[in-house]
Amino acid sequence: MRWSKYFILTQKEAPKEAETISHKLLIRAGLIDKLSAGVYTYLPLGLRVLKKVENIVREEMDKAGAIELLMPSLQPASLWKETARLEKMGKDMIRFIDRHNREMIFGPTHEEVITDIIRRYIKSWKQLPIILYQIQTKFRDEIRPRFAIIRAREFLMKDAYSFDLDEDGLDKSYNLMKETYKKIFKKCGLKFNIKEAESGVIGGKFSEEFVAEGECSELEVGHIFKLGLEYSKSMKAYFVDKDNQEKPVYMGCYGIGVSRIVAAVIEGNYDENGIVWPLSIAPFLVDIIPTNIGDSNIVNISEKVYNQLKMNNISVIIDDREESAGVKFKDADLCGFPLQIIIGRKVKDNKLEVKKRKTGEIVEIAIDKVLEYLISFIELEMKELN
RNA sequence: CGGGGCGUAGCGCAGUCCGGUUAAGCGCGCUUGGUUUGGGACCAAGAGGUCCUCGGUUCAAAUCCGAGCGCCCCGACCA
C-alpha cells in the first residue's frame, strides 16, 4: 500500500472529549471516526485491525469445531416474548414499529434466534453436540456509551452457542470455549484475567468473564455462560434421546467483543509516541520510510524493498509522501507499525535501518539481507503470540 | 436516568464574567510558490465560520435571558 494513495488521517491532538488512552489513540492514528455517541466508523486502518482480530477469532473457533453462521440483526419482537426478555432487556433494545405495524428490534444478542433454529432443526440426540457461532454487528442502546468503541451502541461481536445432550456435555463445551478464548486473547496480544461473574440478563447458572488488563476499568472482552435449560425449556427446544424420551437441550453461550478487543489491545500496548501493535493484529507489519523522496537513490531502493516485501506477502505500507522524515517517523510511531524500514543516510553504505516499534531498537542491515531479517523476526514474534 | 462539565474554522483553544473597531481571532492542519529534508522544518501569499439551534431583551448579542438539541465525564448495567 502507498501512503500517498491510502486514507490515513493522523492528528497531532486528540479531541478533548477523548479521555482514555485508547480513545485518544484510535482517533489520533485515524482508526475510527465518531458519527454519534457510541457509533463509530472504522476508517481503513482501523478496519484492517478489526478484520485481523475477526480472523483470529474465526480461525480459533473453527479449530475448536464450532460452525459459523450468520443470523439477522433485524428480529421480530414476538420471539423475545417467549423468553420474557422483551421486558428484561427494556430500553437497551433498539425497537421500532415497521410499516405493517409489527414490533421489530435490532438484535442485542441472539439466544432467541439461535434457539428458534435449533428447536426446528435439531430433533435427535444424534445431531448433538454442536456449537454454532457468528461474527456480527450488535445493537444495544446503552444507558451510557463511553470510551469510544469500548462501550458502543453498535459494535462487532462474536457470539457462540453450544447445544448438548446433558450437563456433562455442557461442561465439556464450556471448557472447550474457555480454552479457545484463552488462545484467542493470547494471539491478539491481550493480557487478561478470568473472573466469575454475574449472569445478568443473559441468564443461566454460571458465568465467567475475561477482563483485559489495562488502566481502563471496562470487557471485559469476553464472557462465557452456562445457560443450562433456561432457553430450551421456555422456547421448547427438545430432542429425542436414545431412550426415546423428549429432553430439553443444554445450552451455553459465549461472547467476545471483537471491536472492543481493538481498544483493549491499545490500552495494554502503547507508549508516549503512540500505539504499539502486536504483530498479529497490526494494520501493516512494515512501514517503509524513504527519508527524502527528493533523492532518487533513496526512492529507488525504497521501491525495490517495497516490491520485494509485497512479493513475499509481508503486509507493508510505503510512506511515499512529500513529507519531512520527522513527520513520517512520528506517524509511524503513532500508528504503531511493528517495524519501520528507514531508508536514508545509510544507503551510501548499501544499508538501511530497521526500527522495532516495541523496543525502539534500530538495527542496520545490508539492503539485500533485509528480507530474510524480517522473515525471521516476524516468525519469532508470531511464535510468542501462539 | 441522577450528578458534573462543555458546544466559536478539520483539531486544540482565546474572546463570554463587564453587549459596541478584536465590526470573528490564535496555534496546528489545509492550498499555492520558494527554500529545506533523520524526530511533527522555514519564508511568503491564501482558502476556510449558520460563534450548536430557535426564540426573547437591546439602537446593538459569540457575549445577557428562556427553551431545545448535541457531546464528554462520574454512578447503576453490559461484550
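All values below were derived from every heavy atom in this structure, side-chain atoms included, with hydrogens, water molecules and symmetry-related copies excluded. Because the structure is predicted, anything quoted here is derived from the model rather than measured.
- Among the heavy atoms of the strands lying under 4.0 Å from K12(A) is at least one base atom, whether or not backbone atoms are also near.
- I261(A) comes within 4.0 angstrom of no nucleic acid atom, judged by non-hydrogen atoms across all strands.
- At a cut-off of 3.5 angstrom, counting only N and O atoms as typed in the model, there is no donor on one side facing an acceptor on the other between the side-chain of N273(A) and the base of rG39(B).
- D62(A) and Y133(A) share a donor-acceptor pair across their side chains, judged by distance under 3.5 Å alone.
- Checking F225(A) against A148(A), the closest nucleotide of RNA chain B that is more toward the 5' end is the one next to A148(A).
- Taking 3.5 Å as the limit, the base of rG10(B) and the side chain of E13(A) contain no donor-acceptor pair of atoms between them.
- You cannot call F329(A) stacked on the base of rG40(B); the centres under 5.5 Å and planes under 30° rule is not satisfied.
- If you check rC28(B), rC71(B), rA79(B) against the side chain of F155(A), the one that comes closest is rA79(B).
- Atom name C1', nucleotides rG3(B) and rG48(B): the rounded distance is 39 Å, in whole Å.
- Of the candidates rG40(B), rG38(B), rG12(B), the closest approach to any side-chain atom of K16(A) belongs to rG12(B).
- For rA79(B), neither phosphate oxygen OP1 nor OP2 lies less than 4.0 angstrom from any side-chain nitrogen or oxygen of K158(A).
- Residue-to-nucleotide proximity on RNA chain B shows that, of R144(A) and R28(A), the 5′-proximal contact is made by R28(A).
- The phosphate of rG75(B) (OP1 or OP2) has a side-chain N or O of R146(A) nearer than 4.0 angstrom.
- One can find a donor-acceptor pair under 3.5 Å joining the base of rG39(B) and the side-chain atoms of D333(A).
- A heavy-atom distance below 4.0 Å to RNA chain B is reached by none of the residues of residues 71-82 of chain A.
- Within 3.5 Å, a donor on the side chain of K355(A) pairs with an acceptor on the base of rG39(B), or the reverse.
- When rounded to the nearest whole Å, the span between CG of N292(A) and C1' of rG38(B) equals 10 Å.
- Picking from rC72(B), rC78(B), rC6(B) the nucleotide with the shortest atom distance to the side chain of Y40(A) gives rC72(B).
- Within a 6.0 Å sphere centred on NZ of K123(A), other residues, nucleotides and ligands contribute more than 12 heavy atoms.
- Side-chain N/O atoms of S324(A) include one lying less than 4.0 angstrom from OP1 or OP2 on rA41(B).
- The phosphate of rA79(B) (OP1 or OP2) has no side-chain N or O of T109(A) nearer than 4.0 angstrom.
- For the pair R260(A) and F155(A), the cation does not sit on the ring face, since its NZ or CZ is not both under 6.0 Å from the ring centre and inside 45° of the axis.
- In the hydrophobic cluster analysis, where Ile, Leu, Val, Met, Phe, Trp and Tyr join through side-chain heavy atoms closer than 4.5 angstrom, I114(A) is grouped apart from L170(A).
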